[in-house]
Amino acid sequence: MEARATKTVLVLGANGFFGRHLVPALRQQGHDVIAGVRKLPAGHDPDVRYIETDFTQGKETRDWLPVLDGVEVVINAVGLLREHGSQTFRTVHEQTPIALFQACQQAGVGLVIQFSALGADEAAANAYHLSKKAADDALRALDMPAFILQPSLVFGPDGTSARLFTTLSSLPLLPLPGGGGQYVQPVHIRDVASLVQALVPLNPAGPITIPVVGPEAVTMHEYCAALRRQMELGRLRMLSVHRAVTGLAARIGQWLPSSLLTPDTLAMLERGNTAEADNMHFFLGRDATPVESFISPAEAEGFRAVALLGWLLPLLRFSIALVWIVTGVLSLGIYPVQESYALLAQVGLTGLAASIALYGAACMDIALGIATLLLRKRRLLWKLQIAVIVGYTLILSWFVPAFWLHPFGPLLKNLPMLALIFALLKLERDDGLPHR
């Protein structure tokens with residue numbers, strides 16, 4: 001291999017986890033970067049040219065030739081962990097990348113860097129790994145300058161994997177399949193970006209495969225314990241879960257769109273995710289960052305807050321939903337109806353109006369609870385709940401002010417409910433995801 005000058009680099013998947021780190025890293029080296037994204041961002045780096053590229057559509061070589069005009073290096077960082085609609089493993093991992101690689105050869109692109117996955121080898125058994133392997137094999141067959149990067153778990157502050165494992169590590173009691181004895185070899189995203197910086201100027205004679213791993217393998221239990229220590233949360237308490245239970249949870253998880261636990265991901269975990277780190281050390285010129293140094297002391301507070309919110313927010317949402325649902329069910333008849341009517345009479349409602357108010361409010365409470373559990377975008381729901389609680393509080397304060405002095409605090413308890421719902425409102429973005 002020989003070092004070459006700065007290049008025009010096309011980064012596909014520039015808005016993804018890898019791409020968000022690769023684009024600034026390459027710009028820092030002085031490369032001209034073209035960011036291929038599925039949807040053009042509202043705000044962007046003025047020094048980067050953005051183009052729309054849809055991996056569900058570009059399945060023919062001719063689709064890519066215009067995009068590659070003047071491009072010297074192509075980095076394919078597009079990938080899926082789960083399939084969604086037209087975004088299938090066969091399309092996004094296999095068919096479109098193969099068309100892209102063939103176009104790169106025809107267009108005379110000097111180097112291709114393909115982000116694959118550790119486990120995309122002869123022992124691959126699931127659709128994820130098999131689709132990655134098919135694209136890797138097609139690239140190898142073209143015998144053009146290329147690096148095939150096969151990452152293990154990648155840790156980064158904005159990564160799905162990091163959020164998952166820091167959240168799990170922050171739990172008071174962590175359930176792990178088989179006691180967490182599965183081996184992984186996590187690598188930090190900073191090292192991944194540094195590796196790509198080292199590879200882009202090179203001109204290999206043919207395809208080279210590099211396992212992108214940390215300096216040593218650790219068990220899942222050791223990984224989570226290390227993250228917990230770095231977040232300054234003390235010792236990890238672990239509960240060993242039988243594999244049959246984990247398998248059942250994975251089968252349920254495959255029907256939940258946001259779940260990262262599926263039969264395929266469980267099989268990948270059980271298989272292990274490790275490799276020799278020699279190539280990684282050679283191209284980096286040093287050892288990658290060890291797991292014990294993933295979170296610096298300056299980062300600990302931020303990671304800890306995000307990790308704790310990762311499970312406290314769902315717990316809070318479930319608790320609020322339970323309050324609404326149970327309140328509604330009790331009002332439908334479990335709580336003595338005559339006492340409910342007596343209370344309504346104090347606010348001036350009797351007869352048919354009282355019945356409509358009682359059963360209408362009960363159904364509304366149940367609906368609000370179910371919506372809290374099921375809706376993905378909940379900003380309007382939180383505002384509605386605040387309005388309902390404020391309305392209840394004002395009406396009862398006017399007609400039954402003695403409730404403020406009641407020893408069970410039926411109105412006082414509305415204040416923490418309002419505060420919690422307001423906190424959920426402020427922590428949620430317009431797309432339904434919590435701020436992190």
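Computed from a predicted structure; not experimentally measured. Sequential numbering from 1 along the given sequence is applied to the chain's residues.
- Of the possible polar contacts, one joining the Ser240 side chain to the Gly179 backbone as a donor-acceptor pair under 3.5 Å is found.
- In summary, the aromatic rings of Phe303 and Phe294 are positioned with their centroids too far apart to meet the 6.0 Å limit.
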Determine, stepwise, if the pair His31 / Val73 fulfils side-chain contact (heavy atoms from CB on, under 4.5 Å). CA-CA 10 Å; His31 298 295; Val73 178; over 6 Å; no
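- Note: Leu418 CG to Trp382 CH2 = 13.0 Å, rounded to the nearest 0.5 Å.
- Proximity of Arg38 to Gln87: side-chain heavy atoms (C-beta onward) are separated by under 4.5 Å at one or more points.
- The minimum heavy-atom distance between Asp158 and Arg163, with the atom names listed, is O-NH1, 3.3 Å.
- Checking side-chain atoms of Thr96 against main-chain N and O of Thr91 turns up a donor-acceptor pair under 3.5 Å.
- The side-chain hydrogen bond (donor to acceptor under 3.5 Å, both in side chains) with Ser116 is formed by just one residue from the set Asp121, Asp136, Asn76; it is Asp136.
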Walk me through whether Asn414 and Thr393 qualify under side-chain hydrogen bond (donor to acceptor under 3.5 Å, both in side chains). CA-CA 7 Å; Asn414 286 347; Thr393 304; 2.8 Å; yes
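- A 4.5 Å side-chain heavy-atom check between Ser194 and Arg286 finds at least one atom pair inside the cut-off.
- The backbone N or O of Ser152 sits nowhere less than 3.5 Å from a side-chain atom of Gln185 that would complete a donor-acceptor pair.
- Annotation for Arg49: atom CZ does not count as buried by contact number, only 12 or fewer foreign heavy atoms lying within 6.0 Å.
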Take Arg237 and Leu174, measure what side-chain contact (heavy atoms from CB on, under 4.5 Å) needs, and give me the verdict at the end. CA-CA 6 Å; Arg237 293 176 175 81; Leu174 173 60; over 6 Å; no
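- The nearest pair of heavy atoms linking Asp191 to Thr289 is OD2-N, 2.7 Å.
- In this structure, Leu153 and Phe165 have side chains that are in contact, with non-hydrogen atoms separated by less than 4.5 Å.
- Panel note: side chain Gln230, backbone Ala226; a donor-acceptor pair is recorded below 3.5 Å.
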Derivation and outcome, side-chain contact (heavy atoms from CB on, under 4.5 Å), residues Trp64 and Thr53: CA-CA 9 Å; Trp64 290 101; Thr53 54; 4.0 Å; yes
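- For CG of Asp69, the number of neighbouring non-hydrogen atoms (other residues, nucleotides, ligands) closer than 6.0 Å is 12 at most.
- Side chains of Thr350 and Tyr341: a donor-acceptor N/O pair is absent below 3.5 angstrom, by distance only.
- Of the possible donor and acceptor atoms, one in the side chain of Lys413 sits under 3.5 Å from a partner among the backbone N and O of Phe408.
- Between Ala35 and Val48, the closest heavy-atom pair is CB-CG1, 3.7 Å.
- The backbone N or O of Gln95 lies less than 3.5 Å from no partner atom in the side chain of Arg90, so there is not a single donor-acceptor pair.
- Counting heavy atoms from C-beta on, the side chains of Leu10 and Ile51 come closer than 4.5 Å.
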Decide yes or no on side-chain contact (heavy atoms from CB on, under 4.5 Å) for Leu384 and Val388, but give the supporting numbers first. CA-CA 6 Å; Leu384 178 60; Val388 170; 4.3 Å; yes
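- The closest donor-acceptor contact from the side chain of Arg243 to the backbone of Gly178 lies at 3.5 Å or more, if one exists at all.
- Put simply, the side chain of Gln197 never gets that close to the backbone of Gln29: no donor and acceptor are under 3.5 Å apart.
- Annotation: side chain of Leu130 is not in contact with side chain of Phe89 (no heavy-atom distance under 4.5 Å).
- In this structure, Pro24 and Gly19 approach most closely via the heavy-atom pair CD-O, 4.4 Å.
- Contact of the Leu176 side chain with the Met220 side chain is registered, since non-hydrogen atoms from C-beta on lie closer than 4.5 Å.
- Summarising the geometry of Val196 relative to Leu26, their closest heavy-atom pair is CG1-CD2, 4.3 Å, with the distance given to 0.1 Å.
- We find the CG-CG distance between Leu424 and Leu381 to be 10.0 Å, quoted to the nearest 0.5 Å.
- The closest side-chain heavy-atom distance from Leu343 to Gln346 is below 4.5 Å.
- Annotation: side chain of Phe55 is in contact with side chain of Leu12 (closest heavy-atom distance under 4.5 Å).
- Of the N and O atoms on the side chains of Ser131 and His93, at least one donor lies less than 3.5 Å from an acceptor on the other residue.
- Asp63 and Gln57 share no donor-acceptor pair across their side chains, judged by distance under 3.5 Å alone.
- Minimum heavy-atom separation, Leu309 to Pro314: O-CD, 3.8 Å.
- Between Arg304 atom CZ and Glu299 atom CD the span is 12.5 Å, to the nearest 0.5 Å.
- More than 12 heavy-atom neighbours from other residues, nucleotides or ligands sit within 6.0 angstrom of CZ on Phe399.
- Not a single donor-acceptor pair under 3.5 Å links the side chain of Thr88 to the backbone N or O of Glu83.
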